Amino acid sequence: TSGIASGATVIGGTQNVSGGTASSATISSGGIQNISSGGLARLAIIGESGTQNIFTSGIASGASISMGGIQNVSGGSASLTLISSGGIQNISSGGLATGTTISSGGNALVFASGITSNATLVGGTQTISGGIAQGTTVSNGGIANISSGGIARATTISSGGIENIFLSGIASGAIIRNSGIQNISSGGLASATAISSGGIENISSGGIAISTTVSNGGIANISSGGIA
């Protein structure tokens, strides 16, 4: 029978979850929770220099990250993570994050071989640098940065959200509407973008846009050196 731990407080120590289940752990002050080998962590609270590491075959669900807390997803998976001010999620090396919500002051970084799917940025920041983002929604001051071989697919940008594509970043199939903005600068490439009422695409020097559709009320601005 798998072991179960509930309500643990990890302050400066380490909790290893390997095959068992940990529920509602609080991790802070240098505390570490390691999840691997079929281990499952639910509803962890990570803050004040706490760290949650999700390795191969580890699963984390419903974690809350804030105030200097860090979640590292490397080979494992994290779902329904909430990142608020001061919280950081790092996704790399085959890690998968699904359904992440990033609010103001929160950050999610996706590196080579990392994947994030269906994230929601509400004032927070998502940086795709060598990894892949699928189905991100960016609004209310949220910012998605795609560079260094990062790929963003099917992003929806609206209500003050911004997507920046630069330095070998690639975006495909974005939807821009209702005060959403997509900026394509040197080395950035956007393809099959759909711009509708209130949406804006800015293509500056060295940026490239291919197969853009601009419908009624949408705007595409091409500056000197931009290509569309």
Side-chain angles (χ1 to χ4, degrees), residues 2-133 136 140-145 150:
S2 298
I4 298 172
S6 180
T9 300
V10 186
I11 303 174
T14 301
Q15 182 186 62
N16 296 312
V17 186
S18 177
T21 300
S23 297
S24 302
T26 299
I27 309 160
S28 64
S29 302
I32 298 172
Q33 183 185 61
N34 296 314
I35 310 155
S36 64
S37 304
L40 171 62
R42 297 191 181 107
L43 303 176
I45 298 172
I46 311 160
E48 299 178 6
S49 302
T51 302
Q52 182 185 64
N53 297 312
I54 310 163
F55 301 114
T56 301
S57 300
I59 300 171
S61 176
S64 297
I65 315 169
S66 64
M67 297 172 59
I70 299 173
Q71 182 187 66
N72 296 313
V73 189
S74 177
S77 64
S79 64
L80 303 177
T81 303
L82 174 61
I83 311 170
S84 56
S85 185
I88 298 173
Q89 180 187 62
N90 297 311
I91 309 163
S92 64
S93 302
L96 171 65
T98 59
T100 304
T101 298
I102 310 164
S103 60
S104 184
N107 287 274
L109 299 94
V110 188
F111 302 104
S113 302
I115 298 173
T116 183
S117 177
N118 298 322
T120 300
L121 279 64
V122 186
T125 301
Q126 179 189 72
T127 300
I128 313 300
S129 179
I132 297 172
T136 300
N140 295 299
I143 299 173
N145 296 314

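Just so it is clear, the structure is predicted and the values come from calculations on it, not from any experiment. Any value given below was found using the heavy atoms of this structure, including those in side chains, with hydrogens, waters and symmetry copies removed.
Partners of I11 by side-chain contact (heavy atoms from CB on, under 4.5 Å), not counting sequence neighbours, listed by chain and number: T9, S28, S29. Qualifying side-chain contact (heavy atoms from CB on, under 4.5 Å) partners for S23, counting only residues two or more places apart in sequence or in other chains: S6, T21, R42. Considering only residues two or more places apart in sequence or on other chains, A22 meets the side-chain contact (heavy atoms from CB on, under 4.5 Å) condition with Q15, V17, Q33. Not counting sequence neighbours, the partners of N16 by the side-chain contact (heavy atoms from CB on, under 4.5 Å) test are T14, N34.
Between the OG1 atom of T116 and the CD1 atom of I132 there is a distance of 11.0 Å, given to the nearest 0.5 Å. With rounding to the nearest 0.5 Å, the separation of CD1 in I32 from CD in Q52 is 12.0 Å. Residue S66 holds its OG atom at 9.0 Å from CD1 of I46, rounded to the nearest 0.5 Å. Note that the CG atom of N107 and the OG atom of S85 stand 9.0 Å from one another [nearest 0.5 Å]. Between S18 atom OG and L40 atom CG the span is 12.5 Å, to the nearest 0.5 Å. Note: S64 OG to L82 CG = 5.0 Å, rounded to the nearest 0.5 Å.
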Got a list of side-chain donor-acceptor pairs under 3.5 Å for residues 120-128, not counting sequence neighbours?
unit_1: Q126; atom_1: OE1; unit_2: T136; atom_2: OG1; d: 3.4
unit_1: Q126; atom_1: NE2; unit_2: T136; atom_2: OG1; d: 3.4

Side-chain donor-acceptor pairs under 3.5 Å in residues 94-106, sequence neighbours left out?
unit_1: S103; atom_1: OG; unit_2: I83; atom_2: O; d: 3.2

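The shortest heavy-atom contact between I27 and A44 is CD1-CB, 4.3 Å. Considering all non-hydrogen atoms of both residues, T81 and A78 come closest at OG1-CB, 3.9 Å. Across every non-hydrogen atom of I54 and A60, the tightest pair is CD1-CB, 3.5 Å.
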Show the numbers, then the answer: is there a side chain to side chain contact (heavy atoms under 4.5 Å, CB included) between V10 and T26? CA-CA 6 Å; V10 186; T26 299; over 6 Å; no
